Amino acid sequence: MILKVDKVTKNFGGVTAIKETSFSVAPKEIYGLIGPNGAGKTTMFNIITGNYEASEGEVFFRNETLHGLKPHQIVRRGVARTFQNIRLFKSMSVLDNVLIGFDFQARYSFAESILRLPRFFGEEKRIRAKAMEILKYLGIEKFAEHKATDLSYGQQRKVEIARALATNPELLLLDEPAAGMNPAETKELADLIYKAREDFDLTVLLIEHDMKFVNQLCDRVLVLDYGKSIFEGKPSDAIKDPEVVAAYLGDFIHD
Amino acid sequence: MKKLATLATAAALLASFSVAKEIKIGAVMPMSGPLAAYGQVTYEGIELANELQPTLKNGDTVKLVLVDNKGDKVETSTATTRLISADGVVGILGALTSSNTAAVIAVAEKKKIPVIASVATNDKLTAKREFANRVCFMDSFQGEVIANYAISQGYKTAAVISDQAQVYSLGLAKAFEKAFTKAGGKITKEVKVTSGDKDFKAVVAQVKSANPDFMFLPLYHPEASLIARQSKDIGLNKPMFSGDGVANQTMIDLGGDAIEGYMFTDFFDYSAPPTQASKDFIAAYEKKTGKKEMNSFTALGADTYNVMLAAMNKCADPTDSVCINKEIKNTKNFEGVSGVLNIDESGNASRSAVIKEFKNGKMVYKTTVNP
Amino acid sequence: MGFIIKKDQWINLAIVAATLWFIWFAQTHLDEYTVRILNNIAIFIILAVSYNLINGVTGQFSLEPNGFVAIGAYVAALLLLDADAKEYQYDIESPYPWVLALQANFVWALFFAGTFSALLALALSFPVFRVRGDYLAIVTLGFGFIIRILAINNPEITNGSLGLNDIPEFSNLYWTGGVALLAVIAILNIVDSKFGRAMKAIRDDEDAAIAMGVNTFKIKTMAFCTSAFLEGVGGGLLAALLTSISPDLFTFFLTFQLLIIIVLGGLGSTTGAIIGTVLVMGGSEWMRFLDEPMNIFGIVETPAMPGMRMVVFSIILIFVMLFAREGIMGKRELKDLFKKKRGES
Amino acid sequence: MDFLTFMQQMVNGFSLGSMYALIAIGYTMVYGVLRLINFAHGDIMMVGAFLGYFGIAVLDLPFAAAALLAVVGSATLGMLTDKIAYKPLRNAPKISLLITAIGISFFLENAFNVFFGGVPRAFPVPDYMSHILNLGGLVFSVSSLLVPIVTLILLGGILWVLFKTKYGMAIRALAFDVNTVNLMGIDANRIIMIVFGMGSALAAVGGVFWALNYPTVEPMMGVLIGLKAFAAAVVGGIGSVTGAVLGGFIIGFTEVVVIAFMPELGGYKDAFAFVFLILVLLFKPTGILGYDFEKSRF
Amino acid sequence: MISVKNLHVYYGLIEAVKGIDFEVKEGQIVSLIGSNGAGKTSTLAALLNSVKKTGEVNFSGFDTINHKTHTLVQRGLALVPEGRRIFINLSVEENLRMGAFNNDENYERLREVMYTIFPRVKEKRNQMAGTLSGGEQQMLAISRALMCEPKLLMLDEPSLGLAPKIVGEVFETIVKLKEEGITILLVEQNAFAALKISDYAYVLENGKIAMQGIAKDMIGDDTIRQKYLGG
């Protein structure tokens with residue numbers, strides 16, 4: 001198991017957002033986290049990434065605890081994430097956005113950057129080439145010098161994914177990646193995630209409301225309701241589960 | 001453009017033939033910013049003195065160039081440099097506070113341009129300087145005058161309230177303490193305030209509990225008047241004494257009844273003009289502004305100009321700054337607006353101080369102390 | 001991206017050479033008033049570009065430069081004054097023996113001025129970066145204020161409100177302009193490296209930067225300390241230029257002036273900070289004519305109104321902000337202007 | 001220090017704190033709706049004090065009428081600054097707004113300096129205001145007794161407006177979302193203007209009281225007072241009106257008490273507001289009664 | 001009710017809406033569907049004059065061109081914004097009061113009406129609005145918009161970020177409102193759900209109308225299903 005969430009509980013003041021939830025994700029698995037709003041999905045993400053500290057329980061990544069690590073340290077261990085509403089660096093170019101992902105992989109010091117010593121040039125050249133590679137992989141290399149926010153929504157999503165890939169992750173957390181996309185774009189995204197898993201040896205943990213997307217993509221899903229897990233298993237089974245239907249899916253749209 | 005330039009040159013040539021030369025004297029004063037109040041009052045005197053005596057003996061006109069330093073040191077240095085290098089002034093008047101005047105002197109000293117300070121009383125200001133002069137007395141002298149007066153009145157213990165943000169206040173407090181202790185007195189309470197403070201209730205409460213014979217307040221009028229008022233509010237009725245910083249009408253307006261009997265030293269008193277020059281100047285002042293109550297800063301400002309002018313008149317070449325400086329230091333028994341002035345080799349003025357008190361909303365002359 | 005577009009290299013070199021030539025020319029040929037203004041501008045360029053690094057590039061709205069400039073100025077002044085000069089001028093209290101013992105040459109004095117400021121910044125960054133946004137502004141404003149009060153209240157070290165005088169006048173355009181040039185190059189190099197990218201990322205979205213593995217505290221502290229170092233050096237140069245410093249030089253008006261400079265120039269743009277400095281520092285000297293009596297079209301003779309230039313300055317300031325809300329350069333740099341032209345052709 | 005002295009200090013602190021509080025309310029309200037540290041607010045207070053002075057000394061008005069003139073005049077000025085300098089920048093970066101605020105501040109200070117002179121003017125305090133009361137050994141003037149009373153009444157009034165009227169609700173709503181307030185059919189700009197008017201009116205009250213208690217008016221008087229009042233607003237929790245009043249009292253008490261109990265620290269008096277401020281922010285980053293704007297926005 | 005001709009919306013140099021025409025007839029639900037960035041939200045903003053635009057917008061017989069957002073709202077054009085944007089620091093009831101800012105005389109009556117339509121809003125009327133769940137917030141946002149008795153109710157992405165079950169509830173509510181006689185302009189990227197309840201629909205793509213028609217027909221159309229509804 002690459003990720004193991006062990007009996008995690010999170011309290012905010014008097015409110016329990018997550019209650020004793022456990023699950024594990026196997027290497028190269030695509031694992032979905034679904035459930036109604038306020039069920040604790042994003043909170044779970046924030047605990048894994050170290051933004052929140054679990055009130056109880058622990059998270060293990062590659063059998064090592066993430067407890068006590070700062071968010072940026074967790075990223076450096078190989079856990080990358082995207083955000084629910086795209087959060088690109090507005091004033092920067094697409095390429096610079098991706099280069100931020102290489103921040104900790106570029107090995108030159110502050111003094112070397114001020115004095116422009118050879119290592120600075122060498123390293124910059126190296127990470128730029130790698131960044132361009134990722135952009136090419138996602139088919140957005142022609143926008144490299146564009147301001148990130150000038151791109152279309154779908155392309156911005158890709159930049160965000162490119163940026164996350166740049167941190168060289170083993171586990172990728174995607175928070176509602178298909179939100180705001182039309183069906184065609186959604187399908188393209190699903191294909192991309194599928195392909196990237198193979199090409200980058202990725203494990204993916206994602207939050208999504210679009211059940212079609214989840215169905216198509218996820219190997220397994222965990223359904224959360226009021227901070228508790230009510231179902232774990234194949235997505236095709238989830239949509240038949242009466243408890244899941246009652247708590248989450250409802251009966252308005254079924255196809 | 002070329003035509004204009006030619007015209008201008010022609011005009012300048014014409015002017016130099018038909019009219020006598022114009023010689024510039026610079027003034028660096030805080031006309032805006034936190035010190036604007038004092039700068040404006042002082043400059044009033046410089047300006048009026050210039051209006052009264054716009055020419056030298058030889059017929060040359062003296063033009064004042066005023067630059068505002070906003071009470072800021074960077075601006076002071078830049079302004080001084082401008083006066084010397086761009087305007088070509090032969091001497092500089094200013095710049096109010098001792099710390100800004102130090103910045104003026106720093107620039108002028110190198111260029112051998114004499115500076116006359118109006119109210120910068122810090123003892124160390126002129127030391128080791130060749131081109132620094134002043135028309136006011138020094139803190140040490142004023143402190144001594146007050147200490148001796150207090151002892152002569154039989155006061156044995158004193159409380160001192162000084163303003164830590166003002167060099168003037170600290171210097172004066174120190175001079176007083178030194179002289180007072182030397183003469184056998186005892187300082188029983190020392191409190192520091194900061195200019196701009198408005199609430200002194202806690203301060204006066206402390207003084208009250210120390211119960212001194214005498215209170216020395218080397219402050220400016222905004223703080224001094226409030227302390228007087230707030231002392232009265234809590235029933236603290238000890239004799240109070242200040243330096244020249246309170247010698248103005250605003251102090252009376254602000255202090256009201258609370259400063260009845262409050263004493264202070266001053267350079268000058270408009271109601272008892274020490275010289276003919278004073279009388280004339282006060283008359284001119286009244287004519288110009290409609291009021292008679294002239295601030296002593298105004299008188300000192302006028303004297304910086306007058307001393308400079310007199311020195312220029314004594315030089316064969318009134319633009320020779322070194323000569324002017326020499327003649328400034330040679331000022332003997334000069335009938336100034338603020339009194340009779342002597343300036344010594346080191347540039348310090350030796351002059352009388354007057355002790356006054358506030359009575360019935362007026363400044364009343366008590367006595368004169370000579371150096 | 002200096003290394004990718006090789007063509008830029010010679011432009012950069014040409015700019016550096018032109019600057020050096022101008023410094024030499026100004027120092028040797030121009031009148032002292034102009035040189036003095038240029039000195040002021042050079043020092044304020046150092047202060048503005050370094051303040052811009054923390055405030056504009058990293059987006060940490062801090063209001064502290066008056067504090068660091070003060071530290072630098074006092075450290076340099078104490079190191080440059082010899083024991084005699086110190087002993088002589090301390091008026092309010094006698095100096096501590098260690099104060100008398102401090103001594104260094106100009107280069108070391110500047111170095112220590114910067115280092116001391118930077119170390120203080122390092123110590124401060126732990127509490128300061130616990131808060132964000134406007135709260136950061138208030139905390140740093142308070143810090144600048146406290147430094148000044150400390151300077152007033154410790155006359156054994158600082159000579160209190162009288163300040164320090166007779167500081168040897170080392171600063172000239174070679175020093176001020178040279179250090180300014182180095183500071184600008186250093187800042188541009190930082191901005192155009194992974195550190196600068198991380199700083200900008202923090203400005204744009206701190207949480208997203210963390211999610212990219214950026215150690216935001218470290219980067220913020222780096223920007224803060226670099227900024228403090230250069231502000232300290234600038235303070236040292238200022239002390240050696242004015243030869244006289246006192247606490248009233250370092251009020252928050254100094255900070256406001258720098259803030260106005262960098263916002264006017266375009267927050268985040270180093271080029272903008274330089275342009276802003278020249279406009280504000282040069283402009284406020286140029287506007288001195290407003291204080292003098294004026295003859296408007298030969299019809300009306302206005303009396304002298306000292307202080308008028310500040311009134312006009314504030315009106316201009318408001319108007320510039322109303323019509324150029326991103327400042328003159330926005331976030332662009334000089335090279336972006338070239339780039340755009342090339343892109344269009 | 002005996003009990004009476006202690007009580008006297010408390011009374012003094014209460015009185016001084018009230019004046020900070022009156023000014024702090026304006027800072028906190030404007031920050032609440034615009035996220036703007038209105039650096040010109042202290043100068044609006046200065047204008048208020050000046051208007052009071054002109055009312056009495058130049059126009060020969062009775063005190064109450066002069067005070068009314070100060071309040072109305074300052075409120076108008078406050079609204080005018082919003083209209084001219086802040087409203088056009090509603091969608092601009094916050095920093096631009098801050099710079100125009102500094103511009104307005106410089107403008108008011110320097111314009112008053114140029115046109116009315118920098119020399120402090122004595123504020124003509126009516127006799128009944130400077131009358132000294134002695135209550136069992138506690139001494140204070142009528143005006144210094146009046147400050148806290150008026151402050152608390154005004155605080156009550158402001159809270160009533162904020163929590164009981166629809167305009168108050170709109171002001172609170174604005175604190176979180178300007179655009180949506182417009183969607184309610186409310187002219188958000190008008191509400192913001194009302195906020196400026198209210199804050200400036202209170203600043204004028206503070207200014208007039210200041211002039212009554214420490215009877216001078218001069219163009220730079222608003223700088224330090226304004227800064228300390230702002231510190232008070234932040235200590236109390238910026239955005240919260242009650243917090244501003246609380247912060248004002250805290251800063252006022254600190255200043256008075258520090259000098260009373262530790263006179264040797266008197267020189268650091270002005271720094272105390274900021275030391276206190278920094279300490280509060282480090283332990284409670286949003287001030288005592290404040291909420292985190294950045295987080296709770298969504 | 002509202003008719004739009006040749007509408008363009010600009011953000012600086014970028015043209016977000018490139019000349020569209022559409023209309024909403026009284027008593028209907030009309031949908032504008034399309035993916036993010038297609039220009040849907042910009043269109044709504046243009047109707048309320050809160051962005052720079054050109055073109056003609058005729059709202060029940062009068063030209064909206066020179067009116068500010070708040071006067072248009074007073075005239076009966078209400079918007080439930082994307083992301084709900086309820087006033088989280090106000091109580092639920094105060095949120096409703098804000099909705100009726102210019103409708104003092106009818107406030108209490110309308111409040112009771114809302115409480116009947118949305119019983120859960122009534123249950124929580126004294127709570128801070130921020131404590132409501134996503135679905136409840138959406139209900140509150142809709143009822144708040146109805147407090148000014150609008151002639152046309154515009155909803156911007158009411159399903160965004162809501163669980164499928166809640167989405168269903170929201171859409172059922174919209175149908176109920178239509179039955180009450182309220183005209184509705186619905187902007188959605190959840191095309192399928194929107195078409196299901198709409199009378200007429202427009203598909204926006206890159207700032208232009210790519211397709212329009214009667215909603216039922218569109219659901220039935222295979223090519224549309226393929227392209228916009230994801231099979």
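Here the structure is a predicted model, which means the values were calculated and not measured. Each chain gets a letter, A, B and so on, in the order its sequence line appears, and its residues count up from 1. Atoms considered below: every heavy atom in the structure, side chains included; atoms not considered: hydrogens, waters and symmetry mates.
Atom NZ of Lys122(E) sits in a sparse spot, with 12 or fewer heavy atoms from other residues, nucleotides or ligands closer than 6.0 Å. Within 6.0 Å of CZ on Arg190(D) lie no more than 12 heavy atoms contributed by other residues, nucleotides or ligands. Residue Phe107(D) qualifies as open at atom CZ: its count of foreign heavy atoms under 6.0 Å is 12 or below. Remark: Glu26(E) CD is loosely packed, at most 12 non-hydrogen atoms of other residues, nucleotides or ligands lying under 6.0 Å away. In this structure, Glu108(E) places its CD atom where only 12 or fewer heavy-atom neighbours from other residues, nucleotides or ligands lie under 6.0 Å away. No more than 12 heavy-atom neighbours from other residues, nucleotides or ligands sit within 6.0 angstrom of CG on Asn66(E).
Atom NZ of Lys166(D) is separated from atom OH of Tyr107(E) by 11.5 Å, given to the nearest 0.5 angstrom. The CG atom of Asn102(E) sits 7.0 Å away from the CD1 atom of Ile186(D) when rounded to the nearest 0.5 Å. In this structure, Arg172(D) CZ and Asn89(E) CG are separated by 7.0 Å, a value rounded to the nearest 0.5 Å. Rounded to the nearest 0.5 Å, atoms CG (Asn182(D)) and OG (Ser50(E)) are 8.0 Å apart. Considering CG of Leu90(E) and CZ of Phe163(D), their distance stands at 8.5 Å, rounded to 0.5 Å. A distance of 10.0 Å separates CG of Leu77(E) from CG of Leu183(D), quoted to the nearest 0.5 Å.
When heavy atoms are compared at a cutoff of 4.5 Å, Asn103(E) does not approach chain D at all. Using a 4.5 Å cut-off between heavy atoms, Leu79(E) contacts chain D through both its backbone and its side chain.
Most heavy-atom pairs under 4.5 Å with chain D: of the set Gln74(E), Arg144(E), Lys68(E), this distinction falls to Arg144(E).
For the residue pair Ile191(D) and Phe101(E), the shortest heavy atom distance occurs at CD1-CZ, 4.3 Å. Pairing each heavy atom of Gly99(E) with each of Met184(D), the nearest pair is CA-SD, 3.7 Å. Contact between Pro81(E) and Thr180(D) at its shortest, heavy atoms only, is CG-CG2, 4.4 Å.
When each of Asp187(D), Asn189(D), Val181(D) is tested with His70(E) by the rule side chain to side chain contact (heavy atoms under 4.5 Å, CB included), just one qualifies, namely Asp187(D).
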